Protein chains: 2
Amino acid sequence: MRSSDIILGILLEKPATGYEIKEKFTTSLSNFYNASFGSIYPILHKLTKEEKVVFETITQSGKPNKKVYSITQKGKIAFQQYLRQPVEDKKTKWDFMAHLFYSKYLTIEERLELIDSEIATQKSEVQILTALREKLAVQKIDRYQFFCLDLGIKQKQLVVTELQGLKDNIIAEKQ
Amino acid sequence: MRSSDIILGILLEKPATGYEIKEKFTTSLSNFYNASFGSIYPILHKLTKEEKVVFETITQSGKPNKKVYSITQKGKIAFQQYLRQPVEDKKTKWDFMAHLFYSKYLTIEERLELIDSEIATQKSEVQILTALREKLAVQKIDRYQFFCLDLGIKQKQLVVTELQGLKDNIIAEKQ
DNA sequence: AGGTTCATGTAACTCGTTACATGATTCA
DNA sequence: TGAATCATGTAACGAGTTACATGAACCT
C-alpha cells in the first residue's frame, strides 16, 4: 500500500481536490493511513501523468483556484489491482507507547503528565470521530467504511479506559 | 522518535546484539514500533561512532560471531533527552483496514476471505503475545512494559471480536 | 533435501516529511 | 491584529525497506 493507492480509493468514491483528500486523511482514514500535502500534490501530478486521474480547474473568486481530480478507467483498474494484492503487515509508530514503555525512567509527575496528556488526545479524537460518525450515519455511508470508523472509535475508547485505570493505580499507590 | 531512540532504550535495559534487538521489535515492541535488519545494523554503527554504544565481539563456534552492544553514559543521556521530548503523533499504516474500507468493491467471497485471514493473523499475534506475557510475568518485568504488552493484547482481541461480529452479519445476510 | 535459526552486513531505492513560498478571506 | 481556512506547490532531506551476500548447524 502506497499513498497513491489510497488516493485512488478516495477518488473512486467522489472527485476531490488535494486539499479535500488531506481532510479525509485526517478524519475518516486517520485510523489506518495518513499523508501530508508534501506527498499528496506530487502524487496527484504523478497519477495525472499516468492517466489514472484527470483534473478540472475550478476558478474561484476570493479563494485560490482549485483542481478537482477524478479517477479514470485506468485508475479504476489500478485500484482494483491494489485491492486484490496480498494484505501487508500493519505498521505502527506510536511514540506515546514508547515513552510509556520506558516511563520508569521518568519521575511520577512526568509519568502522570504523560498519561494525562495521552488520555486528552485520545478523548478528543474520539469526539471528532463520533461527530463524524453521526454526520455520516445520516447519509447512507457504506457498511464497511462505517465498521472501520466504529472500530477506530472503540480502539481509542479502550486506550482511554486502560490509561485511566493505570493512572488511578499510580495515584492510589502514591498515597 | 527514530529507530535509534528505541534501540538505545532496548540497550538501556540490557546489552544485546542486532539480532536480539530485531527480536524485540517483532515481539514486545511490535505494538508500537518496528525496524528491519537493514536499519538496525547501520544504526548500531552510527551509535558506535557517536559513542552512545560500545560493543564486544563474542567468538562463537558453530554460529557466526556476534557483537554485543552496551549503552554508554553518552547514550543514556541521549535516551533521557528523547524521553523528555514532546510525544509525536501516532502513525499507522494498516493495509487490512484500507482493504476493508473499500471492500464493497470486492465479491462477498473475497471479502469473507479477507476478514477470515485477518482474524487468523490477529489471533496468532494474540497467542504469541500471551505466551510472552506468561514468560515475562514470571520474571519481574516492570509494570509499564507489562501494561503496554497487555494493551496490545486487548487491542488485538477487540479487533478479533469485532471482525467476527462483522463476518457473522455478512454470512447471516447472505442466506 | 530443504527449511529454520543464528548472525552481520551493504547498496540501491522508494517513500514521505518538513519547511518553505504565495495569497485572499473570514472570524474573533 | 492575528489566527484559521482555503488552496497549491517544490526542494532538500531523512529514514527506512527490500534485496542481496555469506555461511554453518540443526531439525524433519
Side-chain angles (χ1 to χ4, degrees), chain A residues 1-8 15-27 29-30 32-50 53 55-69 82 85-86 88-95 98, chain B residues 1-8 15-27 29-30 32-50 53 55-69 82 85-86 88-93 95 98 128:
Chain A
M1 63 157 10
R2 312 179 218 79
S3 299
S4 57
D5 294 322
I6 311 297
I7 288 176
L8 285 179
T17 66
Y19 196 83
E20 287 163 351
I21 288 169
K22 170 68 184 166
E23 216 198 337
K24 294 254 170 191
F25 278 126
T26 52
T27 56
L29 311 190
S30 64
F32 60 87
Y33 210 85
N34 199 23
S36 61
F37 284 126
S39 57
I40 293 172
Y41 289 116
I43 285 169
L44 250 13
H45 298 157
K46 200 189 127 223
L47 290 175
T48 304
K49 224 181 286 169
E50 293 170 351
V53 302
F55 66 88
E56 198 196 343
T57 307
I58 308 285
T59 315
Q60 295 187 122
S61 58
K63 284 178 199 172
N65 294 340
K66 58 182 180 182
K67 292 181 176 178
V68 180
Y69 287 86
Y82 158 69
Q85 268 168 16
E88 283 171 39
D89 287 350
K90 183 181 177 183
K91 274 152 217 151
T92 310
K93 309 250 144 142
W94 196 0
D95 198 24
Chain B
M1 66 161 2
R2 311 179 220 79
S3 299
S4 57
D5 294 323
I6 310 297
I7 288 175
L8 285 178
T17 65
Y19 195 84
E20 286 163 353
I21 288 169
K22 169 68 184 167
E23 217 198 335
K24 293 254 170 193
F25 277 126
T26 51
T27 56
L29 310 190
S30 64
F32 60 87
Y33 211 85
N34 199 24
S36 61
F37 284 125
S39 56
I40 293 171
Y41 289 116
I43 284 168
L44 251 14
H45 299 157
K46 197 190 130 220
L47 290 174
T48 303
K49 226 181 285 168
E50 293 170 350
V53 302
F55 66 88
E56 200 196 342
T57 306
I58 308 286
T59 315
Q60 294 188 125
S61 60
K63 283 176 200 173
N65 294 341
K66 59 183 180 182
K67 293 181 174 178
V68 180
Y69 288 86
Y82 157 69
Q85 269 169 14
E88 284 171 39
D89 287 350
K90 182 181 178 186
K91 274 153 217 149
T92 311
K93 308 250 146 142
D95 198 24
I128 291 165

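If you're wondering where the values come from, they're calculated on a predicted model, not measured in any experiment. Just so you know, these numbers use all the heavy atoms, side chains as well, and skip hydrogens, waters and symmetry mates.
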Would you tabulate the nitrogen or oxygen pairs shorter than 3.5 Å linking the protein to nucleotides 5-9 of chain D?
from	atom 1	to	atom 2	distance (Å)
D:dC6	OP2	A:Y19	OH	3.3
D:dA7	OP1	A:Q60	OE1	3.0
D:dA7	OP1	A:Q60	NE2	2.9
D:dT8	OP1	A:K67	N	2.9
D:dT8	OP2	A:Y19	N	3.0
D:dT8	OP2	A:Y41	OH	2.9
D:dT8	O5'	A:Y41	OH	3.4
D:dG9	OP1	A:K67	NZ	2.3
D:dG9	OP2	A:H45	NE2	3.1

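If you measure from atom NZ of A:K46 to atom P of D:dT10, you get 15 Å, rounded to the nearest angstrom. Between A:R2 atom CZ and C:dC13 atom C1' the separation is 13 Å, expressed in whole Å. The CG atom of A:D89 sits 11 Å away from the P atom of D:dT17 (whole-angstrom rounding). Taking atom NZ of residue A:K93 and atom P of nucleotide C:dC15, one finds them 16 Å apart after rounding to whole Å. In this structure, A:N34 places its CG atom 14 Å from C1' of C:dC15, rounding to the nearest Å. Atom NZ in B:K91 sits about 18 Å away from atom P in C:dC15, given to the nearest Å. Atom C1' of nucleotide C:dT18 and atom CD1 of A:I40 are separated by 14 Å, given to the nearest angstrom. Atom C1' of nucleotide C:dT17 and atom OH of A:Y33 are separated by 12 Å, given to the nearest angstrom.
To the nearest 0.5 Å, the span separating OG1 on B:T92 from CZ on A:F32 amounts to 11.0 Å. The structure places CD1 of A:I6 at 11.5 Å from CD1 of A:I40, a figure rounded to the nearest 0.5 Å. For the atom pair B:I21 CD1 and B:F37 CZ, the distance stands at 10.0 Å (nearest 0.5 Å). Separation of atoms OG1 (B:T26) and NZ (B:K24) is listed at 10.5 Å; rounding is to 0.5 Å. Annotation: the span from A:Q85 atom CD to A:M1 atom CE amounts to 10.5 Å, rounded to 0.5 Å. Atom OG of A:S3 sits about 10.5 Å away from atom CG of A:L47, to the nearest 0.5 Å.
The residue A:F25 sits apart from the nucleic acid: no heavy atom pair falls under 4.0 Å.
Between A:Y33 and A:I7, every side-chain heavy-atom pair lies at or beyond the 4.5 Å cut-off. In this structure, B:K22 and B:N34 have side chains that are in contact, with non-hydrogen atoms separated by less than 4.5 Å.
Among residues two or more places apart in sequence or in another chain, the side chain to side chain contact (heavy atoms under 4.5 Å, CB included) test is passed with A:Q60 by A:I58, A:K63, A:N65, A:K66.
Where the helix from C:dA1-D:dT28 to C:dA28-D:dT1 starts and where it ends, the local axes point in directions that differ by 50°; five pairs per end, rounded to 10°.
For B:S36, a side-chain nitrogen or oxygen approaches OP1 or OP2 of D:dT17 to under 4.0 Å. Of the side-chain N and O atoms in A:S39, one or more sit less than 4.0 angstrom from OP1 or OP2 of C:dT17.
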